[in-house]
Each structure stands twice: as structure tokens, then as C-alpha cells.
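Ligands are counted one by one from 1 in listed order, and the atoms in each one are counted from 1 as well.
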Amino acid sequence: MAISLAGRSLVSIADLTREEIEEVWRVASAQKSGEVPLEEQLRVAPGRTLALLFDKSSLRTRLGFEVAMAQLGGYALYFAPADVRIGEREPVEDAARVLGRTVDAIAARLSAHSHIEQLAAASGVPVVNAMSNLEHPCQALADLLTVREHKGDLTQVEIAWVGDGFNVCHSLMLICALLGARLRIATPATHEPRGEVMEKAEQIAKETDAAIEIGSDAQAAVRGADVVYTDVWVSAGMEEQATRRRLDFRGFQVNRALLEQAKPDAIVLHCLPAHRGEEITDEVLDGPQCAAFDQAENRLHTQRALLALILG
Ligand code: CP
């Protein structure tokens with residue numbers, strides 16, 4: 001049966017099935033390789049509009065959505081943090097109803113995950129989570145496509161996450177569970193992933209033979225891994241906790257010594273932006289094992305494919 005995502009929202013990565021994720025990647029790879037030429041892509045969403053509602057700054061996510069809409073023949077309208085103030089200037093539902101009568105889809109980076117859920121419920125148009133404090137599903141789509149491009153069969157790959165058990169980690173847990181991958185997470189005890197996400201990932205993993213483990217030993221997580229993935233210790237909006245967090249995360253830096261615990265051909269991922277010298281060293285981020293810039297490029301390919309499927 002043909003897989004359709006027409007008119008669908010993506011609030012959590014777990015809104016997609018394994019088959020739907022594979023379909024996003026099939027389209028992404030065809031567009032990326034040129035198998036679907038630009039002239040054909042431009043006919044996917046002519047005259048269609050995407051509102052970008054961002055309450056935090058962005059390079060990759062915004063760039064991916066804006067370039068994607070241009071390449072699909074449509075148009076993206078960006079609303080900056082100072083413009084948005086969603087839930088402050090007016091109720092989320094009122095903004096959602098206005099947007100739904102005006103644009104064809106919404107990509108929302110809103111700290112409050114519940115605001116993205118409310119937008120999806122009230123707007124009447126597809127809403128894509130462009131990052132909340134709970135999840136970053138667009139990041140997860142690019143992450144595991146990058147792993148598959150480098151390593152092949154995802155069920156045979158061991159992925160180590162070293163760092164904060166926050167939004168990027170949450171979506172990674174869920175997509176690894178959906179796709180039957182093996183993920184070992186090492187976080188300081190006070191920065192573990194949320195229990196509700198762990199429960200959901202475990203529930204999905206029972207059906208897929210995925211293995212999701214959580215601990216606090218970075219060396220143990222990385223030992224023998226095919227992929228070593230990290231993220232910043234101080235995410236946007238956590239600046240007041242910066243001093244405390246830098247202490248909490250000591251021992252969780254991805255540096256040469258830690259990477260030597262992984263397989264010799266392991267790749268390194270980072271969702272970027274990186275805080276060089278904190279969670280990752282220059283020699284690793286600039287080194288031959290780093291795939292973080294392939295990963296960043298795949299943000300465009302996966303977001304364009306997602307939009308093509310939603311709007312197509
Ligand atoms: N990784 C990521 O979402 O990057 P931006 O914050 O620049 O969009």
C-alpha cells in the first residue's frame with residue numbers, strides 16, 4: 001500500500017511509523033542524489049506557504065525549511081522570537097486559527113511542547129515540530145539517515161549518546177526504538193532523559209527488538225560503538241544554569257581519548273551548534289571521523305522530503 005503523509009503533522013517523531021520514516025528517507029535520498037531533478041521538485045508545492053514560528057534562534061532548521069520551500073516551488077515566511085510571543089500576545093488557539101486560515105503548513109520552534117500540540121490541534125493545517133523542550137523530530141530524521149548512509153543496516157549499529165538527556169536525545173531514543181537500533185545513553189545522573197520518554201521508547205522497543213540503555217558512564221557507553229553522538233551542555237534558554245551544568249557534565253566531553261574507546265571506524269555526530277572545547281574538542285569535530293556536517297546537510301534533505309510528502 002502506498003504511504004501518504006499528506007496533511008499530517010509531526011509533533012513527536014513517534015507520530016511516524018517505521019515505514020513512514022523510510023518513505024521520508026526514500027524521497028530525501030532521491031532529491032539529494034538528483035534522481036528527482038530540481039525542475040520536478042519545483043512542481044511539488046507551487047504557491048504553497050509555510051509559516052516558520054520560532055521563539056528561539058536557529059540556523060540549520062530555519063535554513064532547511066526556507067531552502068526546502070523555495071526548492072519545492074513554495075514560500076516560507078519567518079516569524080522571529082520577538083514577533084512570536086505565542087501564548088503571551090494572544091492565546092495559542094487564536095494564533096493557530098489565524099495561521100490555519102492563511103498558510104498551508106506551520107513549522108514551530110516553541111519551547112513549550114504543549115504549545116506545538118495546541119497549534120496542531122487548533123490550526124487545521126499540518127504542524128511540524130521544529131524543536132520544543134521535549135523533542136526535536138526533524139533532527140532525528142536527519143540523524144539516523146546520516147547513520148544509515150555511513151553505516152548501513154540500522155539494526156546492526158551501536159549508537160552512543162554522551163551528554164544531556166534533553167530534546168535531541170529524546171527524539172533519538174524514540175527513533176532508535178522505532179527502527180530497532182541499539183542506543184546506549186550516558187548522562188550525568190541529574191540530566192537523564194525524562195521518564196515518560198524512556199517508558200515510551202521501551203514500549204516501542206518491545207515490538208522492534210531495539211535496545212535502549214541509560215547509564216552515567218561515558219566510557220562504557222562509547223566502548224565498541226559505531227556512532228558517538230553529543231550535544232551542547234548548555235542549551236538555549238539554560239544560560240542561567242551554565243556554571244552548574246559545566247560542573248555536572250565534566251567527564252562527558254567527546255575528545256580523542258573517549259573516541260578511542262569506540263570502533264576505529266566510528267563516526268561522530270553533533271546536532272550543532274557546537275560549543276567547541278566543552279562537549280566536544282576541535283580535534284574531534286574537525287577530525288576525519290566527524291560526520292556532523294553531513295548530518296547538518298541532511299537537515300535540508302529530510303525537511304524538504306517531509307514537506308513534499310505533507311504538502312504533496
Ligand atoms: N540542530 C539544530 O536544530 O540547529 P539550529 O538550532 O541551528 O536550527
Within the 4.5 Å heavy-atom criterion, are Val147 and Leu154 side-chain neighbours or not? yes

Partner set under salt bridge (Lys or Arg N to Asp or Glu O under 4.0 Å) for Asp153, not counting sequence neighbours: none

Does Leu247 sit in a hydrophobic cluster with other residues, and if so which ones, taking ILVMFWY side chains as linked at heavy-atom separations under 4.5 Å, directly or through other members? none

Sub-6.0 Å ring centroid separation between Phe79 and Phe54: no

So Trp233 and Phe249, would you call those rings parallel, tilted or perpendicular, with 30° and 60° as cut-offs? parallel

First-shell residues of ligand 1 [heavy atom, distance under 4.0 Å]: Ser58, Leu59, Arg60, Thr61, Arg109, His136, Gln139, Cys271, Leu272, Arg299

Considering residues at least two apart in sequence or located in another chain, which fulfil the salt bridge (Lys or Arg N to Asp or Glu O under 4.0 Å) criterion with Glu19? none

